[in-house]
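Below you'll find the structure, written out as C-alpha coordinates, and then a few comments.
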Protein chains: 2
Amino acid sequence: MGRWEPDARGRLTKAALELYSERGYEQTTVAEIARRAGLTERTFFRHYADKREVLFVGASSMEELFVQAVAGAPESAAPIDAIAAGLEAVSKVFAGRHEHSRQRQAVIAANAELQERELIKLASISAALADTLRRRGVAEPAASLTAEVGVAVFKVGFERWITASEERELSQLMRESLDELKAVTASS
Amino acid sequence: MGRWEPDARGRLTKAALELYSERGYEQTTVAEIARRAGLTERTFFRHYADKREVLFVGASSMEELFVQAVAGAPESAAPIDAIAAGLEAVSKVFAGRHEHSRQRQAVIAANAELQERELIKLASISAALADTLRRRGVAEPAASLTAEVGVAVFKVGFERWITASEERELSQLMRESLDELKAVTASS
DNA sequence: CTACGTGATGACAGCGACTGACATCGAATG
DNA sequence: CATTCGATGTCAGTCGCTGTCATCACGTAG
(Lines give C-alpha, C1' and ligand atoms only; values in the text may rest on other atoms or scores of the structure.)
Protein backbone atom coordinates (compact mmCIF):
# COMPACT_ATOMS: atom_id res chain seq x y z
CA MET A 1 0.00 0.00 0.00
CA GLY A 2 1.26 3.40 -0.90
CA ARG A 3 1.81 6.24 1.43
CA TRP A 4 -1.60 7.63 0.48
CA GLU A 5 -4.91 6.24 -0.63
CA PRO A 6 -4.98 6.01 -4.41
CA ASP A 7 -6.88 8.24 -6.87
CA ALA A 8 -6.78 11.49 -4.94
CA ARG A 9 -8.10 13.38 -7.95
CA GLY A 10 -11.05 11.05 -8.34
CA ARG A 11 -11.94 11.40 -4.68
CA LEU A 12 -11.79 15.17 -4.95
CA THR A 13 -14.02 15.14 -8.01
CA LYS A 14 -16.58 12.89 -6.37
CA ALA A 15 -16.60 14.88 -3.15
CA ALA A 16 -17.02 18.16 -5.00
CA LEU A 17 -19.90 16.97 -7.17
CA GLU A 18 -21.67 15.52 -4.15
CA LEU A 19 -21.35 18.68 -2.10
CA TYR A 20 -22.30 20.98 -4.97
CA SER A 21 -25.43 18.90 -5.48
CA GLU A 22 -26.27 18.54 -1.80
CA ARG A 23 -25.95 22.11 -0.64
CA GLY A 24 -25.11 24.15 -3.70
CA TYR A 25 -21.89 25.48 -5.15
CA GLU A 26 -21.59 28.66 -3.13
CA GLN A 27 -22.38 27.00 0.16
CA THR A 28 -19.53 24.57 -0.33
CA THR A 29 -15.99 25.53 0.66
CA VAL A 30 -12.92 23.99 -0.89
CA ALA A 31 -11.79 22.98 2.59
CA GLU A 32 -14.96 20.89 2.95
CA ILE A 33 -14.40 19.18 -0.38
CA ALA A 34 -10.85 18.33 0.59
CA ARG A 35 -11.89 17.08 4.01
CA ARG A 36 -14.50 14.76 2.51
CA ALA A 37 -11.84 13.43 0.15
CA GLY A 38 -9.42 12.93 3.04
CA LEU A 39 -7.04 15.55 1.70
CA THR A 40 -6.11 19.16 2.32
CA GLU A 41 -7.28 22.32 0.62
CA ARG A 42 -3.83 22.84 -0.86
CA THR A 43 -4.01 19.49 -2.60
CA PHE A 44 -7.33 20.37 -4.20
CA PHE A 45 -5.66 23.30 -5.92
CA ARG A 46 -2.87 21.06 -7.14
CA HIS A 47 -5.43 19.03 -9.07
CA TYR A 48 -7.82 21.78 -10.13
CA ALA A 49 -6.95 25.33 -11.08
CA ASP A 50 -9.97 26.61 -9.18
CA LYS A 51 -13.18 25.63 -7.46
CA ARG A 52 -15.14 25.70 -10.72
CA GLU A 53 -12.94 23.52 -12.88
CA VAL A 54 -14.14 20.31 -11.20
CA LEU A 55 -17.35 20.64 -13.17
CA PHE A 56 -15.59 21.04 -16.48
CA VAL A 57 -13.11 18.18 -16.61
CA GLY A 58 -14.54 16.82 -19.86
CA ALA A 59 -14.53 20.11 -21.71
CA SER A 60 -11.15 19.85 -23.38
CA SER A 61 -11.70 16.34 -24.65
CA MET A 62 -15.07 17.37 -26.02
CA GLU A 63 -13.44 20.28 -27.81
CA GLU A 64 -10.88 17.91 -29.29
CA LEU A 65 -13.54 15.51 -30.46
CA PHE A 66 -15.57 18.30 -32.04
CA VAL A 67 -12.52 19.66 -33.82
CA GLN A 68 -11.37 16.25 -35.04
CA ALA A 69 -14.76 15.49 -36.50
CA VAL A 70 -14.87 18.80 -38.34
CA ALA A 71 -11.32 18.38 -39.59
CA GLY A 72 -12.12 14.86 -40.72
CA ALA A 73 -15.18 15.77 -42.75
CA PRO A 74 -14.85 15.21 -46.52
CA GLU A 75 -12.95 17.97 -48.24
CA SER A 76 -15.93 18.49 -50.47
CA ALA A 77 -18.25 19.15 -47.52
CA ALA A 78 -19.49 22.70 -47.08
CA PRO A 79 -18.41 24.40 -43.83
CA ILE A 80 -21.85 24.04 -42.29
CA ASP A 81 -21.89 20.35 -43.13
CA ALA A 82 -18.49 19.86 -41.53
CA ILE A 83 -19.89 21.49 -38.41
CA ALA A 84 -22.89 19.18 -38.61
CA ALA A 85 -20.51 16.23 -38.60
CA GLY A 86 -18.88 17.66 -35.48
CA LEU A 87 -22.25 17.99 -33.75
CA GLU A 88 -23.02 14.41 -34.65
CA ALA A 89 -19.75 13.17 -33.15
CA VAL A 90 -20.14 15.20 -29.98
CA SER A 91 -23.69 14.01 -29.48
CA LYS A 92 -22.57 10.42 -29.15
CA VAL A 93 -20.45 11.20 -26.10
CA PHE A 94 -23.56 11.95 -24.09
CA ALA A 95 -25.25 8.64 -24.79
CA GLY A 96 -26.35 7.09 -21.50
CA ARG A 97 -25.35 10.20 -19.56
CA HIS A 98 -28.69 11.94 -19.58
CA GLU A 99 -29.32 11.87 -15.86
CA HIS A 100 -25.75 12.83 -15.04
CA SER A 101 -25.87 15.71 -17.51
CA ARG A 102 -29.16 16.87 -16.10
CA GLN A 103 -27.81 17.03 -12.56
CA ARG A 104 -24.68 18.82 -13.68
CA GLN A 105 -26.66 21.42 -15.62
CA ALA A 106 -28.86 21.99 -12.59
CA VAL A 107 -25.81 22.86 -10.51
CA ILE A 108 -24.51 25.18 -13.20
CA ALA A 109 -27.87 26.83 -13.79
CA ALA A 110 -28.03 27.76 -10.11
CA ASN A 111 -24.87 29.83 -10.16
CA ALA A 112 -23.69 32.70 -12.33
CA GLU A 113 -19.98 32.02 -11.85
CA LEU A 114 -20.46 28.52 -13.19
CA GLN A 115 -22.42 29.80 -16.17
CA GLU A 116 -19.57 32.15 -16.93
CA ARG A 117 -17.13 29.27 -16.90
CA GLU A 118 -19.36 27.21 -19.16
CA LEU A 119 -19.67 30.08 -21.61
CA ILE A 120 -15.93 30.53 -21.87
CA LYS A 121 -15.51 26.82 -22.53
CA LEU A 122 -18.01 27.12 -25.36
CA ALA A 123 -16.20 30.21 -26.63
CA SER A 124 -12.99 28.20 -26.63
CA ILE A 125 -14.70 25.54 -28.71
CA SER A 126 -15.97 28.18 -31.10
CA ALA A 127 -12.48 29.60 -31.52
CA ALA A 128 -11.04 26.13 -32.14
CA LEU A 129 -13.74 25.37 -34.69
CA ALA A 130 -13.13 28.64 -36.51
CA ASP A 131 -9.46 27.79 -36.65
CA THR A 132 -10.22 24.35 -38.03
CA LEU A 133 -12.48 25.77 -40.71
CA ARG A 134 -9.81 28.27 -41.69
CA ARG A 135 -7.40 25.38 -42.15
CA ARG A 136 -10.01 23.88 -44.44
CA GLY A 137 -9.76 26.99 -46.57
CA VAL A 138 -12.76 28.86 -45.26
CA ALA A 139 -12.18 32.61 -45.22
CA GLU A 140 -13.12 35.09 -42.51
CA PRO A 141 -15.66 36.08 -41.41
CA ALA A 142 -17.36 32.92 -42.71
CA ALA A 143 -15.21 30.67 -40.54
CA SER A 144 -15.99 32.49 -37.29
CA LEU A 145 -19.66 32.80 -38.13
CA THR A 146 -20.02 29.14 -38.98
CA ALA A 147 -18.22 28.19 -35.78
CA GLU A 148 -20.49 30.44 -33.73
CA VAL A 149 -23.50 28.91 -35.40
CA GLY A 150 -22.23 25.46 -34.54
CA VAL A 151 -21.94 26.34 -30.87
CA ALA A 152 -25.34 28.02 -30.91
CA VAL A 153 -26.93 24.89 -32.33
CA PHE A 154 -25.13 22.82 -29.72
CA LYS A 155 -26.40 25.04 -26.90
CA VAL A 156 -30.00 24.97 -28.06
CA GLY A 157 -29.97 21.29 -28.92
CA PHE A 158 -28.39 20.35 -25.61
CA GLU A 159 -30.80 22.54 -23.67
CA ARG A 160 -33.73 20.84 -25.37
CA TRP A 161 -32.25 17.45 -24.61
CA ILE A 162 -31.86 18.30 -20.93
CA THR A 163 -35.30 19.80 -20.44
CA ALA A 164 -37.30 17.46 -22.68
CA SER A 165 -40.10 15.73 -20.84
CA GLU A 166 -39.48 12.47 -22.65
CA GLU A 167 -35.95 11.49 -23.55
CA ARG A 168 -34.94 11.90 -27.17
CA GLU A 169 -31.80 11.25 -29.16
CA LEU A 170 -29.39 14.13 -28.70
CA SER A 171 -28.07 13.80 -32.22
CA GLN A 172 -31.56 14.06 -33.62
CA LEU A 173 -32.23 17.20 -31.60
CA MET A 174 -29.01 18.64 -32.97
CA ARG A 175 -30.07 17.92 -36.54
CA GLU A 176 -33.49 19.44 -35.91
CA SER A 177 -31.95 22.53 -34.36
CA LEU A 178 -29.58 22.97 -37.26
CA ASP A 179 -32.45 22.61 -39.74
CA GLU A 180 -34.48 25.12 -37.79
CA LEU A 181 -31.57 27.52 -37.82
CA LYS A 182 -31.24 27.17 -41.56
CA ALA A 183 -34.92 27.88 -41.94
CA VAL A 184 -34.73 30.93 -39.74
CA THR A 185 -31.79 32.46 -41.58
CA ALA A 186 -33.10 31.71 -45.05
CA SER A 187 -33.50 34.93 -47.04
CA SER A 188 -36.99 35.52 -48.29
CA MET B 1 -20.11 71.98 -0.51
CA GLY B 2 -21.34 68.62 0.62
CA ARG B 3 -19.73 66.41 3.14
CA TRP B 4 -17.97 64.56 0.33
CA GLU B 5 -16.73 65.39 -3.12
CA PRO B 6 -19.48 64.77 -5.66
CA ASP B 7 -19.76 61.91 -8.16
CA ALA B 8 -18.07 59.20 -6.15
CA ARG B 9 -19.19 56.59 -8.66
CA GLY B 10 -17.78 58.51 -11.58
CA ARG B 11 -14.44 58.91 -9.82
CA LEU B 12 -14.34 55.18 -9.10
CA THR B 13 -15.10 54.36 -12.71
CA LYS B 14 -12.43 56.68 -14.03
CA ALA B 15 -9.82 55.46 -11.56
CA ALA B 16 -10.57 51.83 -12.36
CA LEU B 17 -10.36 52.27 -16.13
CA GLU B 18 -7.11 54.19 -15.81
CA LEU B 19 -5.49 51.61 -13.60
CA TYR B 20 -6.71 48.64 -15.66
CA SER B 21 -5.22 50.27 -18.75
CA GLU B 22 -1.99 51.36 -17.09
CA ARG B 23 -0.96 48.19 -15.35
CA GLY B 24 -3.57 45.59 -16.23
CA TYR B 25 -6.64 44.26 -14.50
CA GLU B 26 -5.01 41.63 -12.31
CA GLN B 27 -2.23 43.91 -11.15
CA THR B 28 -4.77 46.41 -9.86
CA THR B 29 -6.30 46.02 -6.40
CA VAL B 30 -9.65 47.44 -5.45
CA ALA B 31 -7.94 49.27 -2.61
CA GLU B 32 -5.80 51.12 -5.15
CA ILE B 33 -8.81 52.08 -7.24
CA ALA B 34 -10.55 53.43 -4.18
CA ARG B 35 -7.49 55.32 -3.02
CA ARG B 36 -7.08 57.02 -6.39
CA ALA B 37 -10.75 58.01 -6.23
CA GLY B 38 -10.31 59.34 -2.69
CA LEU B 39 -12.61 56.69 -1.23
CA THR B 40 -12.38 53.40 0.60
CA GLU B 41 -12.48 49.85 -0.68
CA ARG B 42 -15.83 49.30 1.01
CA THR B 43 -17.36 52.16 -0.92
CA PHE B 44 -16.21 50.67 -4.21
CA PHE B 45 -18.28 47.59 -3.46
CA ARG B 46 -21.29 49.74 -2.66
CA HIS B 47 -21.21 51.06 -6.23
CA TYR B 48 -20.08 47.95 -8.08
CA ALA B 49 -20.97 44.37 -7.29
CA ASP B 50 -17.43 43.30 -8.03
CA LYS B 51 -14.13 44.37 -9.49
CA ARG B 52 -15.22 43.42 -13.02
CA GLU B 53 -18.51 45.27 -13.24
CA VAL B 54 -16.81 48.65 -13.74
CA LEU B 55 -16.07 47.62 -17.30
CA PHE B 56 -19.67 46.67 -18.05
CA VAL B 57 -21.72 49.64 -16.93
CA GLY B 58 -23.26 50.14 -20.35
CA ALA B 59 -24.31 46.53 -20.84
CA SER B 60 -27.82 46.76 -19.47
CA SER B 61 -28.74 49.85 -21.46
CA MET B 62 -27.38 48.22 -24.59
CA GLU B 63 -29.52 45.16 -23.92
CA GLU B 64 -32.55 47.39 -23.48
CA LEU B 65 -31.88 49.22 -26.71
CA PHE B 66 -31.40 45.98 -28.63
CA VAL B 67 -34.62 44.54 -27.21
CA GLN B 68 -36.62 47.70 -27.89
CA ALA B 69 -35.52 47.79 -31.49
CA VAL B 70 -36.48 44.16 -32.02
CA ALA B 71 -39.81 44.64 -30.30
CA GLY B 72 -40.46 47.72 -32.36
CA ALA B 73 -39.83 46.11 -35.73
CA PRO B 74 -42.86 45.85 -38.01
CA GLU B 75 -45.13 42.98 -37.11
CA SER B 76 -44.73 41.68 -40.63
CA ALA B 77 -40.96 41.48 -40.29
CA ALA B 78 -39.44 38.01 -40.14
CA PRO B 79 -37.58 37.17 -36.89
CA ILE B 80 -34.18 37.51 -38.53
CA ASP B 81 -35.15 40.91 -39.90
CA ALA B 82 -36.30 42.08 -36.49
CA ILE B 83 -32.89 41.04 -35.17
CA ALA B 84 -31.28 42.94 -38.02
CA ALA B 85 -33.16 46.03 -36.90
CA GLY B 86 -31.80 45.50 -33.40
CA LEU B 87 -28.24 45.23 -34.70
CA GLU B 88 -28.75 48.43 -36.64
CA ALA B 89 -29.94 50.28 -33.53
CA VAL B 90 -27.15 48.98 -31.34
CA SER B 91 -24.51 49.90 -33.91
CA LYS B 92 -25.40 53.55 -33.66
CA VAL B 93 -24.48 53.68 -29.97
CA PHE B 94 -20.85 53.08 -30.82
CA ALA B 95 -20.57 55.98 -33.22
CA GLY B 96 -17.57 58.09 -32.26
CA ARG B 97 -16.48 55.61 -29.62
CA HIS B 98 -14.08 53.61 -31.71
CA GLU B 99 -10.92 54.42 -29.79
CA HIS B 100 -12.63 54.00 -26.44
CA SER B 101 -14.07 50.65 -27.49
CA ARG B 102 -10.72 49.53 -28.74
CA GLN B 103 -9.01 50.28 -25.44
CA ARG B 104 -11.74 48.59 -23.47
CA GLN B 105 -11.58 45.45 -25.60
CA ALA B 106 -7.82 45.36 -25.18
CA VAL B 107 -8.24 45.27 -21.40
CA ILE B 108 -10.85 42.53 -21.66
CA ALA B 109 -8.86 40.49 -24.17
CA ALA B 110 -5.95 40.38 -21.73
CA ASN B 111 -7.89 38.65 -18.98
CA ALA B 112 -9.99 35.50 -18.89
CA GLU B 113 -12.19 36.60 -15.98
CA LEU B 114 -13.19 39.67 -17.95
CA GLN B 115 -13.96 37.60 -21.02
CA GLU B 116 -16.19 35.41 -18.89
CA ARG B 117 -18.08 38.44 -17.71
CA GLU B 118 -18.48 39.74 -21.24
CA LEU B 119 -19.79 36.38 -22.41
CA ILE B 120 -22.43 36.26 -19.71
CA LYS B 121 -23.57 39.76 -20.63
CA LEU B 122 -23.96 38.62 -24.22
CA ALA B 123 -25.81 35.52 -23.03
CA SER B 124 -28.15 37.77 -21.09
CA ILE B 125 -28.80 39.75 -24.26
CA SER B 126 -29.46 36.54 -26.15
CA ALA B 127 -31.97 35.40 -23.54
CA ALA B 128 -33.73 38.77 -23.63
CA LEU B 129 -33.87 38.69 -27.41
CA ALA B 130 -35.31 35.18 -27.42
CA ASP B 131 -37.95 36.33 -24.98
CA THR B 132 -38.78 39.30 -27.18
CA LEU B 133 -39.10 37.12 -30.24
CA ARG B 134 -41.37 34.73 -28.35
CA ARG B 135 -43.60 37.69 -27.51
CA ARG B 136 -43.70 38.40 -31.23
CA GLY B 137 -45.13 34.93 -31.72
CA VAL B 138 -41.97 33.09 -32.67
CA ALA B 139 -41.96 29.52 -31.40
CA GLU B 140 -39.10 27.60 -29.84
CA PRO B 141 -36.49 26.65 -30.78
CA ALA B 142 -36.62 29.25 -33.55
CA ALA B 143 -36.69 32.13 -31.08
CA SER B 144 -33.59 30.99 -29.17
CA LEU B 145 -31.73 30.15 -32.35
CA THR B 146 -32.47 33.48 -33.96
CA ALA B 147 -31.41 35.28 -30.80
CA GLU B 148 -28.16 33.32 -30.66
CA VAL B 149 -27.54 34.14 -34.29
CA GLY B 150 -28.09 37.81 -33.56
CA VAL B 151 -25.49 37.79 -30.81
CA ALA B 152 -23.07 35.81 -32.98
CA VAL B 153 -23.37 38.39 -35.74
CA PHE B 154 -22.86 41.14 -33.20
CA LYS B 155 -19.70 39.49 -31.85
CA VAL B 156 -18.17 38.95 -35.26
CA GLY B 157 -19.18 42.34 -36.60
CA PHE B 158 -17.89 44.11 -33.51
CA GLU B 159 -14.63 42.21 -33.60
CA ARG B 160 -14.11 43.19 -37.20
CA TRP B 161 -14.87 46.81 -36.36
CA ILE B 162 -12.33 46.83 -33.54
CA THR B 163 -9.52 45.14 -35.44
CA ALA B 164 -10.09 46.71 -38.85
CA SER B 165 -7.02 48.54 -40.13
CA GLU B 166 -9.10 51.35 -41.53
CA GLU B 167 -12.24 52.45 -39.73
CA ARG B 168 -15.52 51.36 -41.23
CA GLU B 169 -19.16 51.86 -40.32
CA LEU B 170 -20.13 49.39 -37.61
CA SER B 171 -23.66 49.06 -38.94
CA GLN B 172 -22.34 48.15 -42.35
CA LEU B 173 -20.07 45.49 -40.88
CA MET B 174 -23.08 44.10 -39.06
CA ARG B 175 -25.06 43.92 -42.29
CA GLU B 176 -22.17 42.26 -44.07
CA SER B 177 -21.74 39.74 -41.27
CA LEU B 178 -25.42 38.91 -41.28
CA ASP B 179 -25.37 38.42 -45.04
CA GLU B 180 -22.33 36.22 -44.75
CA LEU B 181 -24.05 34.16 -42.09
CA LYS B 182 -27.07 33.73 -44.32
CA ALA B 183 -24.83 32.57 -47.12
CA VAL B 184 -23.02 30.12 -44.90
CA THR B 185 -26.20 28.52 -43.57
CA ALA B 186 -27.94 28.36 -46.92
CA SER B 187 -28.83 24.76 -47.78
CA SER B 188 -27.37 23.59 -51.02
C1' DC C 1 21.89 -3.16 0.80
C1' DT C 2 22.27 1.67 0.91
C1' DA C 3 22.11 6.34 -0.65
C1' DC C 4 19.91 9.39 -3.32
C1' DG C 5 16.50 11.58 -6.10
C1' DT C 6 11.53 12.13 -7.10
C1' DG C 7 6.71 12.95 -6.77
C1' DA C 8 2.64 13.59 -4.19
C1' DT C 9 1.09 15.45 -0.12
C1' DG C 10 0.95 18.31 4.31
C1' DA C 11 1.67 22.54 6.97
C1' DC C 12 1.68 27.31 7.23
C1' DA C 13 1.73 32.04 6.22
C1' DG C 14 -0.12 35.53 3.45
C1' DC C 15 -2.75 38.36 -0.18
C1' DG C 16 -6.80 40.11 -2.10
C1' DA C 17 -11.87 39.94 -3.20
C1' DC C 18 -15.89 40.48 -0.92
C1' DT C 19 -19.41 40.90 3.18
C1' DG C 20 -21.76 42.18 7.53
C1' DA C 21 -22.30 45.28 11.29
C1' DC C 22 -21.98 49.46 13.30
C1' DA C 23 -20.51 54.42 13.60
C1' DT C 24 -20.47 59.10 11.63
C1' DC C 25 -22.28 63.35 10.05
C1' DG C 26 -24.07 66.70 6.54
C1' DA C 27 -28.45 67.57 4.55
C1' DA C 28 -33.30 67.35 3.88
C1' DT C 29 -37.70 67.36 6.25
C1' DG C 30 -41.28 68.78 9.31
C1' DC D 1 -34.78 72.68 16.48
C1' DA D 2 -35.18 67.58 16.49
C1' DT D 3 -35.37 63.70 13.59
C1' DT D 4 -34.53 61.00 9.94
C1' DC D 5 -31.90 59.58 5.97
C1' DG D 6 -28.31 58.61 2.78
C1' DA D 7 -23.58 58.15 1.64
C1' DT D 8 -19.40 57.10 3.48
C1' DG D 9 -15.88 55.29 6.92
C1' DT D 10 -14.10 51.64 10.06
C1' DC D 11 -13.24 47.13 11.38
C1' DA D 12 -13.37 42.37 11.69
C1' DG D 13 -13.97 38.29 9.34
C1' DT D 14 -14.56 34.49 5.55
C1' DC D 15 -12.96 32.29 1.61
C1' DG D 16 -10.50 31.50 -2.81
C1' DC D 17 -6.06 30.95 -4.11
C1' DT D 18 -0.66 31.01 -4.01
C1' DG D 19 4.25 30.50 -2.55
C1' DT D 20 7.37 28.00 0.16
C1' DC D 21 9.29 24.55 2.65
C1' DA D 22 9.01 20.06 5.00
C1' DT D 23 7.90 15.12 4.81
C1' DC D 24 8.23 10.48 3.37
C1' DA D 25 7.14 6.24 0.60
C1' DC D 26 8.91 4.67 -3.61
C1' DG D 27 12.10 3.61 -7.41
C1' DT D 28 16.70 3.42 -8.96
C1' DA D 29 21.78 3.62 -9.35
C1' DG D 30 25.82 2.08 -7.41
Side-chain angles (χ1 to χ4, degrees), chain A residues 1-57 107-108 110-118 120-121, chain B residues 1-57 107-108 110-118 120-121:
Chain A
M1 185 183 101
R3 183 175 177 192
W4 298 282
E5 293 300 311
D7 195 22
R9 189 188 179 90
R11 274 147 53 212
L12 284 168
T13 312
K14 183 165 171 288
L17 296 185
E18 284 172 8
L19 287 166
Y20 292 171
S21 277
E22 285 170 19
R23 38 174 124 153
Y25 171 81
E26 282 176 13
Q27 287 65 48
T28 304
T29 70
V30 174
E32 287 167 346
I33 297 170
R35 185 146 25 87
R36 180 172 293 203
L39 295 164
T40 64
E41 195 183 355
R42 191 67 185 86
T43 298
F44 176 93
F45 288 109
R46 288 198 177 98
H47 287 275
Y48 290 107
D50 60 56
K51 194 185 164 188
R52 288 178 270 175
E53 275 298 300
V54 197
L55 285 163
F56 298 91
V57 275
V107 172
I108 293 174
N111 183 271
E113 280 181 54
L114 294 174
Q115 290 162 46
E116 290 186 337
R117 180 56 54 88
E118 175 158 64
I120 210 173
K121 297 288 185 189
Chain B
M1 185 182 98
R3 183 176 175 192
W4 298 283
E5 293 300 309
D7 195 23
R9 190 188 180 90
R11 274 148 51 213
L12 284 168
T13 312
K14 183 165 173 288
L17 297 185
E18 284 172 7
L19 287 166
Y20 292 171
S21 277
E22 285 171 19
R23 39 172 122 155
Y25 171 80
E26 282 176 12
Q27 286 65 48
T28 303
T29 71
V30 174
E32 287 167 347
I33 297 170
R35 185 146 25 88
R36 179 171 294 202
L39 295 163
T40 64
E41 195 182 356
R42 191 68 184 85
T43 298
F44 177 93
F45 288 109
R46 288 200 177 95
H47 287 276
Y48 291 107
D50 60 54
K51 194 185 164 188
R52 289 178 269 174
E53 274 300 297
V54 197
L55 283 164
F56 299 91
V57 276
V107 172
I108 293 174
N111 182 271
E113 280 182 54
L114 295 174
Q115 290 162 45
E116 290 186 339
R117 180 57 52 88
E118 176 159 63
I120 210 172
K121 297 289 184 186

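Reminder, nothing fancy here: chain letters follow the sequence lines and each chain counts from 1. Reckoned from all heavy atoms, side chains included, excluding hydrogens, waters and symmetry mates.
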Is [Y] close to [X] at the side-chain level, that is, under 4.5 Å between some pair of heavy atoms?
X: Ile120(A); Y: Glu116(A); answer: no
X: Leu39(B); Y: His47(B); answer: no
X: Arg42(A); Y: Phe45(A); answer: yes

Roughly, in whole Å, what's the span from [atom1] in [X] to [atom2] in [N]?
X: Asp50(A); N: dC17(D); atom1: CG; atom2: C1'; value: 9 Å
X: Phe45(A); N: dG19(D); atom1: CZ; atom2: P; value: 12 Å
X: Asp7(B); N: dT8(D); atom1: CG; atom2: P; value: 10 Å
X: Leu39(B); N: dG6(D); atom1: CG; atom2: C1'; value: 15 Å
X: Trp4(A); N: dC24(D); atom1: CH2; atom2: C1'; value: 6 Å
X: Tyr48(B); N: dA17(C); atom1: OH; atom2: P; value: 16 Å
X: Glu41(B); N: dG20(C); atom1: CD; atom2: P; value: 15 Å
X: Phe44(A); N: dA8(C); atom1: CZ; atom2: P; value: 18 Å

From [options], nucleotide with atom closest to [X] side chain:
X: Arg46(B); options: dC22(C), dG19(D), dG10(C); result: dC22(C)
X: Thr43(A); options: dC17(D), dT9(C), dA11(C); result: dT9(C)
X: Arg3(B); options: dC22(C), dT19(C), dA7(D); result: dA7(D)
X: Lys51(A); options: dA7(D), dT20(D), dG16(D); result: dG16(D)

Cation-aromatic face contact Arg52(B)/Tyr20(B), 6.0 Å, 45 degrees:
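No, Arg52(B) does not lie over the aromatic ring of Tyr20(B).
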
Contacting residues from residues 9-34 of chain A, given that a heavy atom lies under 4.0 angstrom of DNA chain D:
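DNA chain D contact set from residues 9-34 of chain A: Thr28(A), Thr29(A), Val30(A).
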
Short side-chain N/O contact from His47(A) to OP1 or OP2 of dT9(C), under 4.0 Å
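Result: yes.
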
Establish, with yes or no, whether the OP1 or OP2 oxygen of dT8(D) is under 4.0 angstrom from a side-chain nitrogen or oxygen of Thr40(B).
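No, no such contact exists.
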
For the pair Arg36(A) (side chain) and Arg11(A) (backbone), establish whether a donor and an acceptor sit closer than 3.5 Å, ignoring hydrogens and angles.
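Not at all, since once roles are kept as given, no pair shorter than 3.5 Å links the two residues.
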
Run the numbers on Ile108(B) and Tyr25(B) for side chain to side chain contact (heavy atoms under 4.5 Å, CB included), then give the verdict.
CA-CA 8 Å; Ile108(B) 293 174; Tyr25(B) 171 80; over 6 Å; no

Working for side chain to side chain contact (heavy atoms under 4.5 Å, CB included), residues Phe44(A) and Val54(A)
CA-CA 10 Å; Phe44(A) 176 93; Val54(A) 197; 3.4 Å; yes

